[in-house]
Amino acid sequence: MSKNDANRKDQQPSGWIFENISTEFDTQTSKSIALSGAHVKPPHVTATATGADSGDVNVFCDITTPTSITIRTSAIFTGTIYIHAVSTL
């Protein structure tokens, strides 16, 4: 089990796939994250940073596929990134 999987909470209402993921950045600017949901197309993604320097950094999803996402920050960041990935079946 990866570090990301330990913080994952999946909810799957009929016709939708929701993934709520938290991941730690440690002086990083990007991280690839595997998705565990059965997305058949790239999901819509939101990402929010929390940490001492979270007010000084933008967080965005750079690459999105049905099986993974790459999260990037506008500067070196240490803290937690909360991610929501949503798609329809």
Side-chain angles (χ1 to χ4, degrees):
M1 180 183 296
S2 74
K3 190 175 188 180
N4 294 330
D5 292 334
N7 297 318
R8 188 182 306 263
K9 296 177 185 174
D10 298 325
Q11 303 170 358
Q12 311 253 339
S14 180
W16 291 86
I17 298 171
F18 291 86
E19 290 194 63
N20 300 309
I21 305 162
S22 65
T23 190
E24 297 296 320
F25 271 50
D26 185 12
T27 61
Q28 294 171 269
T29 58
S30 69
K31 184 182 255 188
S32 293
I33 298 166
L35 299 173
S36 66
H39 300 279
V40 293
K41 56 186 175 184
H44 297 278
V45 177
T46 62
T48 306
T50 61
D53 56 353
S54 64
D56 298 329
V57 68
N58 293 312
V59 181
F60 56 97
C61 187
D62 185 35
I63 300 169
T64 306
T65 72
T67 59
S68 68
I69 57 176
T70 299
I71 299 296
R72 294 197 185 274
T73 59
S74 59
I76 293 173
F77 177 70
T78 298
T80 304
I81 305 283
Y82 293 97
I83 303 158
H84 303 282
V86 180
S87 68
T88 56
L89 294 174

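- Taken to the nearest 0.5 Å, the CD1 atom of Ile71 stands 6.5 Å off from the CZ atom of Phe25.
- Distance check, rounded to the nearest 0.5 Å: OG of Ser87 to NZ of Lys41 gives 7.0 Å.
- Considering every non-hydrogen atom in both Ser30 and Arg72, the closest pair reads CB-NH1, 3.3 Å.
- If you check the side chains of Gln28 and Thr73, you find no donor sitting under 3.5 Å from an acceptor.
- Atom CD1 of residue Ile21 and atom CD1 of residue Ile33 lie 6.0 Å apart, to the nearest 0.5 angstrom.
- When all heavy atoms of Thr80 and Ser22 are compared, the closest pair comes out as CG2-CB, 4.1 Å.
- If you take CZ on Phe60 and OG on Ser74, they are separated by 7.0 Å, rounding to the nearest 0.5 Å.
- Within 6.0 Å of atom NE2 in His84, more than 12 heavy atoms from other residues, nucleotides or ligands are found, so the atom counts as buried in its surroundings.
- Residue Asp26 holds its CG atom at 10.5 Å from CZ of Phe77, rounded to the nearest 0.5 Å.
- No side-chain donor-acceptor contact under 3.5 Å links Lys31 and Thr70.
- Proximity of a side-chain donor or acceptor of Thr78 to a complementary backbone N or O of Thr27 within less than 3.5 Å is detected.
- The distance from atom OH of Tyr82 to atom OG1 of Thr23, rounded to the nearest 0.5 Å, is 11.0 Å.
- Here the side chains of Pro42 and Pro66 are in contact, with some heavy-atom distance below 4.5 Å.
- The side-chain contact (heavy atoms from CB on, under 4.5 Å) with Leu35 is formed by just one residue from the set Ile83, Ile69, Thr67; it is Ile69.
- Of all non-hydrogen atoms in Ala49 and Val59, the two that sit nearest each other are CB-CG2, 3.5 Å.
- Scanning all heavy atoms of the two residues, the minimum distance from Leu89 to Ala38 falls at CD2-O, 4.2 Å.
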